[in-house]
Amino acid sequence: MPDHDSPLLEGLNPAQRDAVSTVDGPVLVVAGAGSGKTRVLTHRTAHLIRDHGVSPFEILAITFTNKSAGEMAQRVSGLVGSAMGDRMWVTTFHKACVRILRRELTRLGYRSGFTIYDAQDSNRLIAQLAKQLGVDDKRLAPRAIQSAISNAKDELIDFETYKQRAGGWPEIQIAEVYEAYQDRLFKANALDFDDLIVKTVELLQLFDPVLEHYQRRFSHLMVDEYQDTNRAQYHLVDLLSGGHGNLMVVGDPQQGIYGFRGATIKNIVDFETDHPDAEVIVLDRNYRSTQTILDAANGVIARGAVKRRAELWTDRGQGAAVVRYHADDEHDEAAFIAEEAEKLRSDGVDFDDIAIFYRTNAQSRVLEDVFIRVGLPYRVIGGVRFYERKEIKDVLAYARVLANPDDDVSVRRIINMPRRGIGDRTIEALDWHARREGVTFLAACRDAEHVQGLAARAVSAVTSFVDLLDLLRTELQQELSTPDLIERIWDHTGYMQELHADRTIEALGREENLRELKSVAQEVQERTGGGLGEAGLGAFLESVTLVSDQDQLEDAEAEEGRVTMMTLHTAKGLEYPVVFLVGLEDGVFPHVRSLSEPLQLDEERRLAYVGMTRAQDRLYLTHADHRTLWGGTSFNPPSRFLEDVPEELVDLRGASRGGSAAKRVRDIEMLEMGGTEFHVGDGVMHTKFGEGRIAALSGEGEKAEATVDFLDHGRKHLMLAYAPLVKVD
DNA sequence: GTGCTGGCGAAAAAT
DNA sequence: TCGCCAGCAC
C-alpha cells in the first residue's frame, strides 16, 4: 500500500507523517515536549508491520522506563492486534541487554544465571575492596570511587585503559579498586547496572556471529529519549544498527537532564555527522499545554546554552496565567498548594489531575506533613524505593544466594542477619581464608572448622548458617514456588518472628513490606506462567531488579483521587493538567551544588523546562522566603529561572498579598484539635486504612496513641498527632 | 559480640 | 535534621 493511503497516517500533522513514513535509513526526530512523539513511535511501528511487511519480531524499540515500554506495546497492539504487538521487543536498554546477556554472556567466561548488583550492592563491594587496598575513606570516599568507576563505564573505559590514563592521586587508587572490583564481580558471577550495557557492547565487538545474529534479528531500531543516552548506549545502538542502518532516534536536546550519569547530547550531534544522509524531522507543534505555559517555558529555556532547533507552539489558546506564589516558608508553600488544590477541586479538577514536582526527594516531607494534617489525599512516587528497603533487601539476599551461591555481597549481607553471633572478626577471618584459598566467601563458610582464628562458638554459628542455606536449598529443589520460598526464608531465619516481637510501628511496617514482597512474587508467578523451583526464582529476581520509579505509577493509578508528588527527574515524560513546581529558590532549584558549575547549572535550567512543560492547563511556580535546610534556616533568593518567565504571563500572589496560607491552616487545625476527642469505641475514618473502631487509647498530648481495629486492614497503632484520622458515627 | 549513646558530618537527580 | 560510627558497658 502506498504510504499516503495508509490509515495509520491519518490525523497526523505533516512532520509527524514524515516521521512515520520514513521507514528506512537513519532518522533523527527532534521531538519537543508534548509534540506527540509517542504517537509517532506507535504509528510508525504499526506502519512498519502493516504496510511494509516488517515482522514484529524484527523490531527493537528502546524506551526509558518499563512503564513507557508497556504503554507503547499496548498502543501498537491496539493498532495491529496483540498477536503482533506481543512479539516485538519494546523495552529499556537495561532489560534488552539482560535478554541478550542471558543467552550470550557465557562467551565471556561467566557462568549461566548471573546476578545483577544494584547501586547499593556495588557500593558495599567497593567499600570493602577499598578498605582492603588501604584506601583512606576520609580522603577518598567509597561513593566517590563508585561514581568514578560508573562514569568510566558509561564511556566504555575499562580498568586497563583507566589505569593507563591515571595521572596521579586519586586516579591511581581508583584504578586499583576498579580492577579489584571487576575481578570480584566476575568471581561472584555478577554484573552491575553499567556492566549490563558494557558487557553487551563487549560481546557484540568480540564475537562477529553474535553481532551478525542481532543485526539480522533486528531490522528496525527505534530509540526514545535519545538525549539521555550515554556513550556506552550510543555504541550499543551503533553496533546493533550497523548492518542495515534502519535506525530512528527520538529526542530533544533541551530536555537532557541526565548528564550526571553520563548522558550527553554529543550522541545527537554525532548522529548527524555519522549519518550525513540522515533525515532530520522537527516536531515543534505542541498538543499538551496552553500558549501561556509554553511561552513561560520557552522564556526559561531561551537563556540556556543548548541551541534551539524550534520553538514550541500550540493552537490551544492562551489559557490561565502562570501563578507565582511567594510563600513565607516551606509550610506556607505546602499550605498554599493544599488550599489551591481544594479550590481547584471545587471547580471540577480531580486530585488525580494535580502533580507537585520538587528538586529533591527530601522536599516531599513537609508537603506530606501538611497534607496529612489537612486531610488531603496524596501519593509520593519514588523516594526510598521498595526494593531498597532493608528488610526487602535482606530477604532478597537470601533468595539471591540460593540462586547464585557465589554472590559474596549477598552472603556477607545475611551471614549475621538476623543476628546469630557472627561479628566483624569472624567475617574478617572467613574473608582472609577465602582470599588465601582462592574460593568464594560461602565456600570459606563451609570450611569454617579449618579457618584460622575462629573460636569454637564462631565455627558453630557459621556452620548453622550454612546448614540453614542448605535446608532452604533442598526445599527449593523440591519445586517450591517463589512465594512459598519467601515465606520459608522468613520462617527458617526467624526474621519475621523477630520483627513481630518488636511491636513498634516501624517493625509493623516492615512486616507489611515483607508480605507485600510475597504478593509481588505471586504476581510475577502468575504473569510469567508459574515456574517453580529455581526457574521461578530466576524469573522473580530478574523482575525485581530493574524497576524504575515511574513504574510505581502503574500500581498507583488504581488508587484514584490523590495528588501526585515526585521529583522533577521522575516527572520526565509525564503530563498533568495542573502542575505545581515548588522550591524555586537559588540553592534549592537550581541546586546549590550546581551554582558554580555552568554545565550543571544549564542542566538545572533544562530540568526546569522539563518540569514546566509537563503542565497542560495550569502551572504554579512557588518559592519561599526562608526555609529550614540542613538543620538551620536559610534565606534563599527567588530562583533565577523565575526571572526568565515573561512578567506579563504571571499572576503574582504571596503571603504578603493575601495573608499566609500556613496561618489559615494552623487556625483550622487548632479548631479541629480542640474539637476532636477520641474515646474507646468511637468509629473513625483514616485516609489510607478506611473505616475502623478505636480499641484502646494511651499516652497524652503529642504522644497520644490510639489502637484502631480497621475493617479492611486489621489492628494498627497510630499517633494521634500525625495520623489522618477523623471521627465518624 | 551486642546494644546503646553522643558526637559529628553531610545533605542531588536514578537505571 | 538525620544517619552513621566510634566508643563504651554489659
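Below, chain A is the first sequence line, B the second, and so on; all start at residue 1.
At the heavy-atom level, Asn416(A) lies under 4.0 Å from the strands shown only through sugar-phosphate atoms.
Partner of Lys572(A) under the side-chain contact (heavy atoms from CB on, under 4.5 Å) criterion, chosen from Thr65(A), Thr567(A), Ile257(A), Leu607(A): Ile257(A).
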Where along nucleotides 3-10 of chain C does protein come under 4.0 Å, by heavy atom, of base (B) or sugar-phosphate alone (S), with - for untouched nucleotides?
--------
In B/S/- notation, 5' to 3', how is nucleotides 8-15 of chain B contacted by protein heavy atoms closer than 4.0 Å?
---BBBBB
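Listed by chain and number, the residues in a salt bridge (charged side-chain N to carboxylate O under 4.0 Å, His left out) with Glu449(A) amount to none (sequence neighbours excluded). For Asp158(A), the side-chain hydrogen bond (donor to acceptor under 3.5 Å, both in side chains) test picks out Thr161(A), with sequence neighbours left out. The ring-ring contact (aromatic ring centres under 6.0 Å, His included) check on Phe271(A) picks up His275(A), with sequence neighbours excluded.
When side chains are defined from C-beta on, Arg389(A) does not count as touching Glu516(A), because their heavy atoms never get closer than 4.5 Å.
Not less than 6.0 angstrom separates the ring centroid of Tyr358(A) from the ring centroid of Phe589(A). Aromatic rings from Tyr110(A) and Phe186(A) are positioned such that their centres are separated by under 6.0 Å.
Using C1' as the reference atom, dA12(B) and dC5(C) are 24 Å apart when rounded to the nearest Å. For the C1' atom pair drawn from dA13(B) and dC4(C), the interatomic distance equals 23 Å after rounding to whole Å.
Remark: Glu388(A) CD is packed, more than 12 non-hydrogen atoms of other residues, nucleotides or ligands lying under 6.0 Å away.
Classification of Arg365(A) and Glu330(A) as a salt-bridged pair fails, no side-chain N sitting under 4.0 Å from a carboxylate O.
The two residues Leu541(A) and Ala399(A) have their closest heavy-atom pair at CD1-O, 4.1 Å.
Aromatic ring orientation, Tyr258(A) versus Phe260(A): tilted (interplanar angle from 30° to 60°).
Remark: P of dT1(C) and CD of Gln363(A) are 17 Å apart, rounded to the nearest angstrom. The nearest whole Å value for the distance from the CZ atom in Arg457(A) to the P atom in dG1(B) is 8 Å.
Scanning DNA chain B for stems, defined as runs of 3 or more consecutive Watson-Crick or G-U wobble pairs whose donor-acceptor distances all fall under 3.5 Å, gives the following ranges: B:1-10 with C:1-10.
The side chain of Arg419(A) contributes an N or O atom lying less than 4.0 Å from OP1 or OP2 of dG3(B).
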